[in-house]
Amino acid sequence: MPRPKGSKSPYCWTVKEFRSDVPPGKRALAAELQNLCRLLALEPNGSAPTQKQAADRLHTCDTSLSRFLRAEYLPDITIVRLLHAAATNDAGGVEKVGITLADLEELHSTATAEQQCGGCVSLRSEAAALRQQASDSADELNNIRAELGTVMEEAAALRKEAAALKREVRTLKAEVQTLKAREGLALKATARRAIRAGQQSRLAARADAALLPVPPRRGDRQQSSPEKRAALTVARQAEALQNGGRQDGALALLRHSVEVLSPAETAALVCVLREGQLDELAGTLIHIYGRDNPDPHVMRAAAHLHQHGASDDAAALLRAALPSWQGAS
C-alpha cells in the first residue's frame, strides 16, 4: 500500500547525523545501533515502530535513544544487548543482523575507552592548569610574606621610635612644668622684694617725717618715693619679660604683684607703666586689680590714681570692679 502524501518514511527516526567532533569508536557504535533499530519488527497494524515504541522495548526514553543514535551519549551495555537481542529476534537470526553481539560489545568497549581517554585528557589539562595556578599562588604568597616581613620590621622600628618620642615628650613636659614652677617662684620673689623695698622706704620716710614734721601738700600729684621705687622694680621686671617675648611671664608677674601691692603702690605701678608706654600691661593690671581686690582697696587705689592725675585709669579701675559690686548687690 502506498504511503499517504506528506507522511514520514518508516524508520526515519533512525537516520541521525553525527557532529564532526564525535570520536570514531563512538561513531561506529552509533551507526550499528541505527542499523539494529531498522530491523525492529513492524507493529501489528503493519506500520514501522516509532522512536518512542522502540525506546519502550529497550526500557529507556525516546530522548535518550535519540542521543544514543546521534552518538551524543554512550548507552549502557545493557541497552546495547537488549537492542541486539530484539533486532536478532525480529530479523530472524544473527546472520541477518550483520554483527555479532561480541563485535557489538567490542565497539561499546572501544567507545567507552575513547570517552574515558577524552576525560583523562581534559582532566590532565585541568590538572596542569591547576598546578600552574598553584605555583603562581605560591610565588605570590612568598612575595606577600616578604612584603609582610618588611612591613612588620618597619612597624617595629616605628613603635620603638614612637616610644622614644613619648619618653622625650614626657621629659620635656616635666622640664616645662619645673621651669614654670621656678619662674612662678621667681616672679613671686620679685614681687615680694619690690614690696619689701617699698615698705622699708615707707618706714624710712615716716621716720624722717617724725623728725621733720612737714605735712605733704594737699593735692600733690607726684608719687611718694617709696611707692615709686616698688613700682619701678615691678615695672622693669615686667618690661624685661615682655621685651624678651615672655608676655605670659609679664602677666604672671602682674597677677602675683596684685596679691601683695598696696592700693598706693598699685596706683604708682599703673603710672610707671604708662610712663614707660607699657599701656597693655597697665590696662591688664587695672583689670586684674579691680576684679580681684575688695572694694575698699579698689576705692583707695582709684583715689591715688586720681591724685596722680590719672583720672581715666581711676575710672577704668572702678569699671573693672563694677561687675563684682553688682553681683554682691
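Since this is a predicted model, take the numbers as computed values, not measurements.
- Counting heavy-atom neighbours within 6.0 Å of Y11 OH, excluding the residue itself, gives a total above 12.
- Residues A250 and L241 share a closest heavy-atom pair of N-CD1, 3.7 Å.
- A heavy-atom distance below 4.5 Å is not found between the side chains of L42 and S47.
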For R170 and K166, run side chain to side chain contact (heavy atoms under 4.5 Å, CB included): C-alpha distance rounded to whole Å, both residues' side-chain angles, the deciding distance at 0.1 Å, then the answer. CA-CA 6 Å; R170 285 195 295 267; K166 287 181 180 180; 3.9 Å; yes
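- Not one N or O on the side chain of R159 forms a donor-acceptor pair closer than 3.5 Å with the backbone of E154.
- Taking SG from C61 and CD from Q51, the interatomic distance works out to 9.0 Å, rounded to the nearest 0.5 Å.
- Closest non-hydrogen pair, P23 versus E114, comes out as CB-OE1, 3.0 Å.
- Residues L318 and Y289 share a single hydrophobic cluster, defined by chaining ILVMFWY side chains whose heavy atoms lie under 4.5 Å apart.
- Atoms OH and CG, from Y73 and L65 in turn, are 14.0 Å apart once rounded to the nearest 0.5 Å.
- Using a 4.5 Å heavy-atom threshold, the side chains of L273 and L281 count as touching.
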Before giving the answer on salt bridge (Lys or Arg N to Asp or Glu O under 4.0 Å), spell out for D90 and R57 the whole-Å C-alpha distance, their side-chain angles and the decisive distance to 0.1 Å. CA-CA 12 Å; D90 293 351; R57 291 186 65 180; 2.8 Å; yes
Please lay out, stage by stage, how Q34 and V15 fare under the test side chain to side chain contact (heavy atoms under 4.5 Å, CB included). CA-CA 7 Å; Q34 291 180 12; V15 180; 5.5 Å; no
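- No side-chain donor from either of R67 and T63 sits under 3.5 Å from a side-chain acceptor of the other.
- Residues I99 and L107 form a side-chain contact, since some pair of their non-hydrogen atoms from C-beta on lies under 4.5 Å apart.
- When all heavy atoms are compared, the tightest approach of V272 to A231 is CG2-CB, 3.9 Å.
- Note: D21 CG to K26 NZ = 9.0 Å, rounded to the nearest 0.5 Å.
- With a 4.5 Å cut-off on side-chain heavy atoms, L36 and L104 count as touching.
- L69 places a side-chain heavy atom less than 4.5 Å from the side chain of W13.
- For the pair E265 (side chain) and S262 (backbone), a donor-acceptor distance under 3.5 Å is present.
- Interatomic distance, Q277 CD to E275 CD, rounded to the nearest 0.5 Å: 10.5 Å.
- Side chain of H108 to backbone of P75: a donor-acceptor contact under 3.5 angstrom is found.
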When you look at D313 and C271, which way does the side chain to side chain contact (heavy atoms under 4.5 Å, CB included) test go after all the steps? CA-CA 9 Å; D313 288 335; C271 294; 6.0 Å; no
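- Note on V80 and V22: separate hydrophobic clusters, where clusters join Ile, Leu, Val, Met, Phe, Trp and Tyr whose side-chain heavy atoms are under 4.5 Å apart, directly or indirectly.
- The minimum heavy-atom distance linking A301 with P263 is given by the pair N-CB, 3.6 Å.
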Apply side-chain hydrogen bond (donor to acceptor under 3.5 Å, both in side chains) to R182 and T178, showing your working. CA-CA 6 Å; R182 290 177 179 175; T178 301; 5.9 Å; no
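- Both L74 and I77 are part of a single hydrophobic cluster, where members link through side-chain heavy atoms under 4.5 Å apart.
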Side chain to side chain contact (heavy atoms under 4.5 Å, CB included) between I288 and T284, worked out: CA-CA 6 Å; I288 296 174; T284 302; 3.7 Å; yes
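- Listed here is the closest heavy atom pair of N293 and H297: OD1-ND1, 4.1 Å.
- Residue-environment remark: CD (E95) exceeds the threshold of 12 foreign heavy atoms within 6.0 Å.
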Going through the checks in order, is the side-chain hydrogen bond (donor to acceptor under 3.5 Å, both in side chains) test met by E147 and N143? CA-CA 6 Å; E147 293 177 0; N143 293 335; over 6 Å; no
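- Residues T60 and F68 meet the side-chain proximity criterion, which asks for heavy atoms closer than 4.5 Å.
- With a 6.0 Å radius and a threshold of 12 heavy atoms from other residues, nucleotides or ligands, R236 has its CZ atom at or below the threshold.
- The shortest side-chain heavy-atom distance between T100 and E105 does not fall under the 4.5 Å cut-off.
- A distance-only check finds no donor-acceptor pair linking the side chain of Q247 to the backbone of Q242 [under 3.5 Å].
- Distance check, rounded to the nearest 0.5 Å: OG of S64 to CG of L58 gives 11.0 Å.
- Heavy-atom minimum distance, H306 versus S311: ND1-OG, 3.4 Å.
- Between Q53 and L40, every side-chain heavy-atom pair lies at or beyond the 4.5 Å cut-off.
- A distance-only check finds a donor-acceptor pair linking the side chain of N243 to the backbone of E239 [under 3.5 Å].
- For the atom pair Q115 CD and T110 OG1, the distance stands at 13.0 Å (nearest 0.5 Å).
- A salt bridge does not link R274 to D312: none of the charged side-chain nitrogens sits closer than 4.0 Å to a carboxylate oxygen.
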